[in-house]
> 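Structure in structure tokens, see below.
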Amino acid sequence: MKDLIVITSSIDEIKNLDADSFLIGNKYGVRTNRVFSKEETLEIKDIVSKRGKRLYILVNKIFLQDELDGLFNYLSWLKSIDVDGIFFSDLGVITMGEQLGIKDKLVYFSETQMVNHKDCEFFVNQGLKGVILSKELPLEDIITTSKLVKGNLGMIIHGYLHMFYSKRKILRNFFEKYNQEYEYQNKRTLKLKEQKRNEYYPIYEDENGSYIFSHGCMSSLNDFKEIVNSDLKMFIIDSIFLSKEHVKNALDYYKKILNGIDGDYQKLIEEEFKEVDFTTGFLHHQTGIYK
Amino acid sequence: MREKVELLAPAGNLEKLKIAVLYGADAVFIGGKKFSLRAKASNFELSDIKEGVEFAHKHGSKVYITVNIYPRNEDLEGLEEYLLELDKIGVDAIIVSSLHIIDTARKLGCKFEVHVSTQQSVANTSSIEFFKKAGAERIVLARELTLDQIEELRNNTDVALEVFIHGGMCAAFSGRCVLSNNMANRDANRGGCAHSCRWHYDLVDKGEKISEEDFLFASKDLMSINYIKDLIRIGVNSLKIEGRMKSHHYIATVVSLYRKLIDEIYESDYQISNNRLLDYEQEMSRFENRAMGSGFFGGDVTHEGQIFENESKQPNQDFIAFVVSYDKENRRALIKTRNYFTSNIEVETLSPGGITRKFNLGDIYTLEGEKIEISNTPDKLYYINVDFELAEHSIIRKLS
Ligand code: SF4
């Protein structure tokens with residue numbers, strides 16, 4: 001079964017959007033707009049269950065030793081409330097998943113390292129629920145890989161792509177270097193412009209470090225028909241930096257394609273959101289191999 | 001008793017491998033022509049790897065091969081054959097990021113060790129356990145850890161731990177950056193990084209430029225003279241110098257400096273004085289022309305750990321030549337040139353074993369015996385007269 005997933009920070013969206021699943025943040029996840037508490041997560045779980053949808057939790061930090069006990073307790077709690085999936089990046093989560101008997105809930109979401117069918121197969125064979133392919137793969141590789149791996153694979157289909165994750169506080173350091181007040185902690189309005197390129201990369205920083213995203217919003221609307229016809233099963237829309245309207249309409253269009261209703265949805269979305277620069281990410285973008 | 005800590009050095013070709021070993025590296029890591037992040041720039045055919053391994057083993061050192069790309073589908077072919085070849089040659093370990101490659105090596109029953117690359121950013125024991133179960137013997141830890149965090153890991157695992165002590169650092173978590181893929185079409189996780197983190201940016205808020213100064217966020221190179229004692233005390237197994245693209249001179253000086261420091265720490269039973277550490281730092285600053293920082297060892301990296309000024313691209317010019325051979329009968333050395341120098345200047349040699357001696361260069365002679373005053377072309381062979389025996393691979397540098 002195909003699974004349309006929205007990474008969201010809004011309870012409103014969880015109540016109203018017609019996605020199959022919602023992927024939400026918490027204190028063990030990074031790069032979402034909101035950290036949901038346990039109480040909120042319970043509330044969301046309730047909403048999602050009543051709507052017949054699924055709840056996935058994003059636990060994608062790289063963990064330090066002193067976070068392990070808390071993480072273990074949190075994962076046990078997720079088990080006890082029976083969430084439908086846990087998206088992780090640190091491989092230590094597999095060790096804990098094994099101890100807790102929840103490996104079949106785990107989805108490997110490293111974002112940069114799942115680039116061939118053999119590595120995907122390795123993780124599928126660990127008994128995980130699924131593996132999300134890396135965002136830097138071209139469409140051709142995505143399709144071939146999905147055919148070669150017997151398991152639940154997914155990809156990001158829409159949104160600003162996360163390109164850089166650092167423990168360094170590069171924004172704070174910049175302001176401190178020039179003795180200026182730093183007022184941008186956790187703010188989502190800053191962009192970097194490389195001086196020779198006319199491109200703007202969203203950047204922000206929180207207590208876990210700094211993050212840089214792609215110029216423009218990746219959209220696979222033009223390629224989604226082909227993607228849906230491959231053996232991929234999970235499709236993620238990342239709502240970070242997108243307006244509520246944008247998420248809603250995009251979801252709607254992807255859903256239509258899934259249901260076999262053709263249309264020039266890319267054109268539509270470009271007309272609706274003229275302020276957004278749309279790209280196709282790495283789908284048609286073969287990156288050079290070596291230096 | 002705990003084994004002595006290993007000093008691990010990089011080498012970009014066979015010559016540099018020999019230099020690293022002779023100048024005191026306990027182990028050397030090199031990349032072959034396949035499955036390595038620097039594959040394109042590699043000078044190591046399997047036959048060179050074999051020769052390198054034989055040379056290193058003869059001198060009591062080990063050789064590790066980086067097999068550290070995250071391969072794409074099209075890169076996977078030939079992996080098994082390559083691993084079996086490496087095993088046959090008798091390499092001591094491979095350094096790997098991809099779980100498929102670890103798994104393949106173990107399933108093939110290769111005798112070499114598997115070391116998990118820093119690309120995996122391992123920072124906790126649950127993650128270490130995962131790799132141990134997958135068949136790894138050693139973890140190269142994430143470069144984002146403080147000394148205390150490294151100690152905590154050491155106290156909670158029996159897996160061998162390796163820590164970076166010197167060289168270039170990614171601004172991002174290793175393996176977690178695709179800036180270069182995005183901006184320059186070059187794949188960072190297959191060795192193509194275009195160093196987009198070193199470019200100049202403007203910081204813009206809601207469409208308006210808010211920074212007068214250029215926004216820069218590259219990391220300073222790592223230099224850890226002040227932390228070696230603690231890393232040894234903690235029980236880290238291996239200390240790694242980075243830089244397979246570095247010069248002959250760089251390898252010789254950095255390796256020999258850390259070699260001396262490590263030995264002095266053991267000999268002094270960890271009582272090495274702050275003044276001595278300062279000496280080492282000064283020595284390092286003589287030839288390290290890039291800005292250096294101490295990474296995360298002491299805590300979060302502040303702006304002092306980043307590069308904000310345009311780095312001087314001026315390479316160190318002090319290294320003028322290295323010794324090819326010494327003719328005892330005629331008391332003269334055959335040298336191969338590097339940077340510009342003139343005759344009769346004051347110089348210093350650094351020889352394998354870390355021995356330094358100062359002398360006046362005297363006259364310079366061509367192979368035909370003609371006296372010259374200036375050398376301004378690299379890779380020329382000349383004779384100089386030297387009273388004492390100079391070991392092969394000694395380096396000669398100007399005293400400023
Ligand atoms: S751009 Fe900088 S941070 Fe990113 S991979 Fe390259 S060196 Fe590392």
Side-chain angles (χ1 to χ4, degrees), chain A residues 62-68 90-96 111-113 115-119 121-123 135-137 141 144-145 148 161 163-170 173-174 176-178 184 189-197 199-200 203 212 214-215 282 285-291, chain B residues 38-41 70-73 75-76 97-100 103 120-121 123-127 129-131 142 144 149 152-153 156 171-173 175-179 181-183 185-187 189-192 199-206 211 213-215 217 219 296 300-303 306 308:
Chain A
I62 292 172
F63 296 104
L64 293 171
Q65 189 66 9
D66 61 4
E67 293 174 299
L68 288 187
D90 188 316
L91 293 173
V93 173
I94 299 186
T95 309
M96 287 191 181
E111 299 198 56
T112 54
Q113 304 171 345
V115 291
N116 68 68
H117 65 277
K118 288 291 188 186
D119 270 288
E121 220 164 71
F122 176 88
F123 285 100
K135 57 194 170 269
E136 68 269 27
L137 276 186
D141 283 32
T144 335
T145 305
L148 291 170
L161 299 175
M163 299 198 301
F164 172 95
Y165 171 24
S166 174
K167 202 179 169 207
R168 293 169 165 77
K169 312 278 166 70
I170 60 175
N173 288 347
F174 177 75
E176 280 178 1
K177 164 80 188 173
Y178 296 109
Y184 293 95
T189 55
L190 290 182
K191 289 184 174 157
L192 288 184
K193 182 190 173 294
E194 203 278 323
Q195 292 178 344
K196 294 194 198 91
R197 290 172 168 74
E199 295 186 341
Y200 292 80
I203 175 170
I212 303 174
S214 60
H215 163 78
F282 291 96
H285 184 132
Q286 184 57 272
T287 46
I289 309 186
Y290 309 115
K291 242 180 224 180
Chain B
R38 308 259 186 274
K40 260 270 170 72
Y70 286 106
R72 295 284 172 91
N73 288 338
D75 302 324
L76 287 167
S97 314
S98 152
L99 264 308
H100 166 61
D103 201 42
Q120 281 286 2
S121 294
N124 64 70
T125 48
S126 268
S127 182
E129 276 310 302
F130 174 82
F131 284 106
E144 284 76 11
Q149 286 161 349
E152 215 181 332
L153 294 183
N156 286 289
F173 275 110
R176 302 295 206 279
C177 173
V178 290
L179 286 176
N181 302 49
N182 200 280
M183 298 162 72
N185 268 344
R186 285 166 50 165
D187 189 348
N189 282 332
R190 287 192 291 173
W199 299 352
H200 290 229
Y201 298 82
D202 292 329
L203 192 58
V204 173
D205 189 17
K206 299 184 197 102
S211 58
E213 293 82 8
D214 292 355
F215 187 88
F217 60 99
S219 298
F296 280 87
D300 258 0
V301 173
T302 66
H303 66 82
Q306 288 181 210
F308 285 97

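Fair warning: this is a prediction, and the values are worked out from it, not measured in the lab. By convention in this document, chain letters (A, B, ...) are assigned in the order of the sequence lines, proteins followed by strands, and residues within each chain are numbered from 1.
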> Please check this pair: side chain of A/Asn116 against backbone of B/Tyr70, looking for a donor-acceptor N/O pair closer than 3.5 Å.
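Not a single qualifying donor-acceptor pair exists.
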
> What's the shortest heavy-atom distance between A/Phe63 and B/Asn124, and which atoms?
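Of all heavy-atom pairs spanning A/Phe63 and B/Asn124, the closest is O-ND2, 2.9 Å.
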
> Tell me, for B/Asp300 versus chain A, whether the close heavy atoms (under 4.5 Å) come from the side chain, the backbone, both or neither.
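Only the side chain of B/Asp300 comes within 4.5 Å of chain A.
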
> Please flag which part of A/Asp90 lies under 4.5 Å from any non-hydrogen atom of chain B: side chain, backbone, both or neither.
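Interface part for A/Asp90: side chain.
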
> Once rounded to the nearest 0.5 Å, what's the spacing between atom CD of A/Glu199 and atom CE of B/Met183?
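If we round to the nearest 0.5 Å, A/Glu199:CD and B/Met183:CE are 7.0 Å apart.
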
> Hey, what do you get for CG (B/Asp202) to NZ (A/Lys191), rounding to the nearest 0.5 Å?
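These two atoms lie 14.0 Å from each other.
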
> Locate the shortest heavy-atom distance separating B/Ala171 from A/Ser166; write the atom from each residue and the value.
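Nearest heavy atoms, B/Ala171 then A/Ser166: O-OG, 2.5 Å.
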
> Under a 4.5 Å heavy-atom cut-off, does chain B meet the side chain of A/Leu161, its backbone, both or neither?
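No part of it gets close to chain B.
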
> Roughly how far, to the nearest 0.5 Å, is OG of B/Ser211 from NZ of A/Lys193?
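Rounded to the nearest 0.5 Å, the NZ-OG separation comes out at 11.0 Å.
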
> So which part of A/Arg197 gets closer than 4.5 Å to some heavy atom of chain B, the side chain, the backbone, both or neither?
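The side chain, not the backbone.
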
> Who passes side chain to side chain contact (heavy atoms under 4.5 Å, CB included) against B/Gln306, sequence neighbours left out?
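Side chain to side chain contact (heavy atoms under 4.5 Å, CB included) list for B/Gln306, sorted by chain: A/Ile170, A/Asn173, B/Phe217, B/Phe308.
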
> For A/Leu192, is it the side chain, the backbone, both or neither that has a heavy atom under 4.5 Å from a heavy atom of chain B?
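Both backbone and side chain of A/Leu192 come within 4.5 Å of chain B.
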
> Which one wins on heavy-atom pair count under 4.5 Å against chain B: A/Ile94, A/Asp141, A/Thr144, A/Thr189?
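Option with the top pair count is A/Thr189.
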
> Quick one: do the A/Asp119 and B/Ser98 side chains pair a donor with an acceptor below 3.5 Å?
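Yes, B/Ser98 and A/Asp119 have a side-chain donor paired with an acceptor closer than 3.5 Å.
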
> What part of A/Phe164 is in contact with chain B, defined as an atom under 4.5 angstrom from a non-hydrogen atom: side chain, backbone, both or neither?
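Looking at A/Phe164, backbone and side chain both touch chain B.
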
> What's the shortest heavy-atom distance between B/Asn73 and A/His117, and which atoms?
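So the two residues come closest at OD1-N, 2.8 Å.
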
> Give, as side chain, backbone, both or neither, the part of B/Leu203 having an atom under 4.5 angstrom from any heavy atom of chain A.
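It is both, since atoms from each part get that close.
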
> Take A/Leu91 and B/Leu99, measure what side chain to side chain contact (heavy atoms under 4.5 Å, CB included) needs, and give me the verdict at the end.
CA-CA 11 Å; A/Leu91 293 173; B/Leu99 264 308; 3.9 Å; yes

> Aromatic rings B/Phe215 and A/Phe174: how do their planes relate, parallel, tilted or perpendicular, breaks at 30° and 60°?
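Rings of B/Phe215 and A/Phe174: tilted, 30 to 60°.
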
> Before giving the answer on side chain to side chain contact (heavy atoms under 4.5 Å, CB included), spell out for A/Glu136 and B/Asn182 the whole-Å C-alpha distance, their side-chain angles and the decisive distance to 0.1 Å.
CA-CA 8 Å; A/Glu136 68 269 27; B/Asn182 200 280; over 6 Å; no

> Would you say the side chain of A/Gln113 lies within less than 4.5 Å of the side chain of B/Arg176, judging by non-hydrogen atoms?
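With C-beta onward as the side chain, the pair touches.
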
> Can you name the closest pair of heavy atoms from B/Ser121 and A/Ile62 and give their distance?
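Looking at all heavy atoms of both residues, the shortest contact is O-CG2, 3.6 Å.
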
> Got a donor-acceptor contact below 3.5 angstrom from the B/Gln149 side chain to the A/Gln65 backbone?
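Flag not set: sc B/Gln149 to bb A/Gln65 has no pair under 3.5 Å.
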
> In terms of heavy-atom proximity below 4.5 Å to chain B, should A/Lys135 be classed as side chain, backbone, both, or neither?
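For A/Lys135, the contact with chain B is made by the side chain alone.
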
> Tell me whether A/Lys118 contacts the main-chain N or O of B/His100 through its side chain, where contact means a donor paired with an acceptor under 3.5 Å.
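No; zero donor-acceptor contacts below 3.5 Å.
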
> Nearest heavy-atom pair of A/Val115 and B/Pro71: which atoms, and what distance?
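Taking every non-hydrogen atom into account, CG2-O, 3.2 Å.
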
> Taking B/Tyr201, B/Phe131, B/Phe296 one by one, which has the highest count of heavy-atom pairs under 4.5 Å against chain A?
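Greatest number of close heavy-atom pairs with chain A: B/Tyr201.
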
> To the nearest 0.5 Å, what is the distance between CG (B/Asn181) and CE (A/Met163)?
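The CG atom of B/Asn181 sits 9.5 Å away from the CE atom of A/Met163.
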
> Where does B/Asp214 contact chain A at under 4.5 Å (heavy atoms): side chain, backbone, both or neither?
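Both the backbone and the side chain of B/Asp214 come within 4.5 Å of chain A.
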
> Tell me the closest heavy-atom pair linking A/Arg168 and B/Ser219, and the distance in Å.
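For A/Arg168 versus B/Ser219, the nearest heavy atoms are NE-OG, 2.8 Å.
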
> Side chain to side chain contact (heavy atoms under 4.5 Å, CB included) between A/Lys167 and B/Phe173: does it pass, once the steps are laid out?
CA-CA 7 Å; A/Lys167 202 179 169 207; B/Phe173 275 110; 3.8 Å; yes

> Rounded to the nearest 0.5 Å, how far apart are CG of A/Leu64 and CG of B/Leu153?
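One finds 8.5 Å between CG of A/Leu64 and CG of B/Leu153.
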
